[in-house]
Amino acid sequence: MLSRVRSQQGLAAVGATLLGYAVMVLAGVLGLVVPYAVAAVVAVTGELALAGRHTGTATLLDKAGLGTTFRRLVRDLSVALLVIAAVRPGVAGTVAVLLLPAALWTVAVATGAVTKVIDGRVDPPAYTRNIDLGALRRVPVPPAWARRLAGLHMPLLNVLLVPAAVVAAALDRVAPVVVTGLVTLAAGLVTAAVLALTALRGRGKAPGVLPAVHDWMARERPEVALYFAGPAKDVYQANMWLAPVEATGRRAVVLLRAADAFEQLADTRLPVICVPAGVDFMNLDLSSLRVALYAANVGANIHLLREPGVKHVFVGHGDSDKQASVNPYSKVYDEVWVAGPAGRERYARADVGVLDRDIVEVGRPQLAGVHTFGSGAADHRFTVLYAPTWEGWLDDDPYHTSLVLMGERIVSGLLAAGDVRVIYKPHPLTGTRSPKARAVHERIVARIKAAGGETDASSLDGAAHLVVTGRTPGLFDCFNVTDLLVSDVSSVVSDFVQSERPYVVANPAGLPEDEFRRQFPTARAAYLLSADCGELAKILDVTRAGDDPMTGARRELKEYLLGPAGSNPMDRFRDEIGRLCG
């Protein structure tokens, strides 16, 4: 539904833009100032919408030959036509008005073209961290004034065009055009010269970034790669595997494909290489790799999956009962690593083509720092963590998250319980697809803030309610100060079971209890919360009193979800990496 609405909005933006420009040209020919102004407002509104949330629709205009450059030309010519029709100059004035946009347009296109060349050379084909690449050729960045002047393009030139054209038409002379044109041309030539000289200064004999990366790979010969091709908003999926990969003690490298994800990657001592372009990445010498770990199923995985000498392993970013945890894409990997028997059985039930012999149970090495049972601090205040999942990809699944239907009732009930500390940590993708989810999230944040809570908390210290949305403190840090978790069907629940503390799973669809636990095995040891949240007060009373009847069930479920008690998941992870490397 949402994607259809956005598509309709995008088409409306295209219609407004094209209609606005068509009326601008017609009003310009007829000299109708007021209709021209109205049409200009409509066209600009459409342009802003296309540049904002409907960039995909704007691409269709480019393919149709109606791109930004063409629309700017139409806008400039319509201004000239309006001035000619309104002032009615003689032949000299008419020629002057028509020549002026042509001169300004030429300068803008020239400086813009040189800027594109410079940008292509300044932006590196690869980014690295924790790697010594030696001496590199670095293309100097042009002076700020030159980049600003080159980037002005048509908006500023339109401002110059209107008064100059009016003066030229009123005086019926070419002189104003000559003066304005010469000044503009001189500025454009100086800018273009500075940009070109900047590019020439970048030439040298030292190697570029990609050759240096090739040399590093040949020299260090990494054998394990953590590969992530997603954008910055999903980089948490890779972040959770940095510490386990580092702890293997193997020669390892993190391979990324998006520059924004490279910027948002968590701190690590592992060498990191980001190569955005597919051709550049596929030309890397990856012959030393023995194992590639994939944290997410994305299309650009194919650029590494094509390497035949590598064992390709899907490790994912958390075990859960969601459909995404049994994606049919997973059968392209040599092995699929899951936490415990639950993950193996999940694939068997889904029957998506992943063979049982290709599934390996390794536990969750990330959970080593999650404390079993509570804090035990003398001044510890009973703390409830509300960590809902996000709205998901499907438009027709209103029960994917509890946030929209139940979130405000959950938080209100917790705040009203008295002597309960609330920590709200939403999924990193919350609100990215659903405006309703984003609106509910904002209202919950406002409600916690009104109750004296701290927003965008960077520390879990103190007794105040908290909203935690940044990278730190992390989810597992929140676990360690939590007495009761309220969440959805998600990997958050599986991971929290490591603590053996009580947890609540939302049941917004109102499924019968037995059916809910059958469909979602991670809820076998959970307290269930229906859409009206009527059970919340009783759950709080039972868990705060310490008389918790679900303790035994949680211990049993922990082995089912995460593997045998007493086994060290980091040792198992390290051993499996060693097996494949050997």
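Please read all numbers here as calculations on a predicted model, not as lab measurements.
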Enquirer: Is a side-chain N or O of Arg409 found less than 3.5 angstrom from the main chain of Cys533, in a donor-acceptor match?
Expert: no
Enquirer: Side-chain contact, heavy-atom cut-off 4.5 Å: His465 with Glu454?
Expert: no
Enquirer: Return yes if some donor-acceptor pair links the side-chain N/O of Ser487 with the main-chain N/O of Val493 below 3.5 Å, else return no.
Expert: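 Judged by distance alone, no pair lies under 3.5 Å.
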Enquirer: Examine distances only and state if a side-chain atom of Arg501 and a backbone atom of Thr372 form a donor-acceptor pair shorter than 3.5 Å.
Expert: no
Enquirer: Look only at the side chain of Arg257 and the backbone of Val275, and say whether a donor-acceptor pair between them is shorter than 3.5 Å.
Expert: yes
Enquirer: Among residues at least two apart in sequence or on other chains, which ones pass ring pair (Phe, Tyr, Trp, His ring centres under 6.0 Å) with Tyr399?
Expert: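 Per chain and number, Tyr399 pairs via ring pair (Phe, Tyr, Trp, His ring centres under 6.0 Å) with no residue.
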Enquirer: Which atoms form the tightest heavy-atom contact between Phe281 and His303, and what is the distance?
Expert: CE2-O, 3.6 Å
Enquirer: Return yes when atom NZ of Lys449 has more than 12 non-hydrogen atoms of other residues, nucleotides or ligands closer than 6.0 Å, and no otherwise.
Expert: no
Enquirer: Quick check against the 3.5 Å criterion: does Glu391 have a side-chain atom that pairs as donor or acceptor with the backbone of Thr432?
Expert: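 Checking the backbone N and O of Thr432 against the side chain of Glu391, a donor-acceptor pair under 3.5 Å is found.
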Enquirer: Are Leu385 and Leu484 packed together at the side-chain level, in the sense that at least one heavy-atom pair is separated by less than 4.5 angstrom?
Expert: no
Enquirer: Does Arg290 use its side chain to pair, donor to acceptor, with the backbone of Lys311 at less than 3.5 Å?
Expert: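 Not a single qualifying donor-acceptor pair exists.
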Enquirer: Please check if atom CG in Asp356 has more than 12 non-hydrogen atoms from other residues, nucleotides or ligands closer than 6.0 Å.
Expert: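 Buried by this count: over 12 neighbours within 6.0 Å.
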Enquirer: Start with the C-alpha gap between Arg364 and Arg572, add the side-chain angles, then the distance that decides, and say whether side chain to side chain contact (heavy atoms under 4.5 Å, CB included) holds.
Expert: CA-CA 9 Å; Arg364 286 280 281 162; Arg572 296 166 65 188; over 6 Å; no
Enquirer: So if I apply the ring-ring contact (aromatic ring centres under 6.0 Å, His included) rule between Trp241 and each of Phe573, Phe228, Phe314, which one comes out positive?
Expert: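 By the ring-ring contact (aromatic ring centres under 6.0 Å, His included) criterion, Trp241 pairs with just one of Phe573, Phe228, Phe314: Phe573.
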Enquirer: Would you say Tyr333 and Asn297 are linked by a side-chain donor-acceptor pair, where the criterion is simply a distance under 3.5 Å?
Expert: yes
Enquirer: Check whether any side-chain N or O of Arg269 sits under 3.5 Å from a backbone N or O of Glu246 as a donor-acceptor pair, and report yes or no.
Expert: no
Enquirer: Within the structure provided, determine whether Glu335 and Ser330 are in side-chain contact (heavy-atom separation under 4.5 Å).
Expert: no
Enquirer: What I want to check is whether the side chains of Asp483 and Thr543 have a donor and an acceptor closer together than 3.5 Å.
Expert: no
Enquirer: Contact between Tyr227 and Val310 at the side-chain level, heavy atoms closer than 4.5 Å - yes or no?
Expert: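 They are not in side-chain contact.
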Enquirer: Would the distance check show the side chain of Ser325 and the main-chain N or O of Asp321 forming a donor-acceptor pair, the cut-off being under 3.5 Å?
Expert: no
Enquirer: Which residues satisfy the ring pair (Phe, Tyr, Trp, His ring centres under 6.0 Å) test with His312, sequence neighbours excluded?
Expert: Tyr294
Enquirer: Just by distance, no angles: are the side chains of Ser402 and Asp488 close enough, under 3.5 Å, to form a donor-acceptor pair?
Expert: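 Yes.
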Enquirer: Backbone N or O of Gly369 within a donor-acceptor pair of the Asn480 side chain at under 3.5 Å?
Expert: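 Looks like yes, one N/O pair under 3.5 Å.
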Enquirer: Return the set of residues passing side-chain contact (heavy atoms from CB on, under 4.5 Å) with Val362 (not counting sequence neighbours), or none when no residue passes.
Expert: Trp337, Val360, Glu576
Enquirer: Looking only at atom types and distance, does a side-chain atom of Thr482 sit under 3.5 Å from a main-chain N or O of Cys478, one as donor and one as acceptor?
Expert: yes
Enquirer: Answer whether the closest heavy-atom distance between the side chains of Val298 and Tyr329 falls below 4.5 Å.
Expert: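 No - every pair of side-chain heavy atoms lies 4.5 Å or more apart.
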Enquirer: Checking side chain to side chain contact (heavy atoms under 4.5 Å, CB included) between Ser490 and each of Thr401, Asp319, Thr389, Asp495, which is the one that passes?
Expert: Thr389
Enquirer: Looking at every non-hydrogen atom in both residues, tell me the closest pair between Tyr560 and Pro341 and how far apart they are.
Expert: O-CD, 3.1 Å
Enquirer: Looking at side-chain heavy atoms only, is the closest gap between Arg471 and Gln264 below 4.5 Å?
Expert: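 Yes. Closest side-chain heavy atoms under 4.5 Å.
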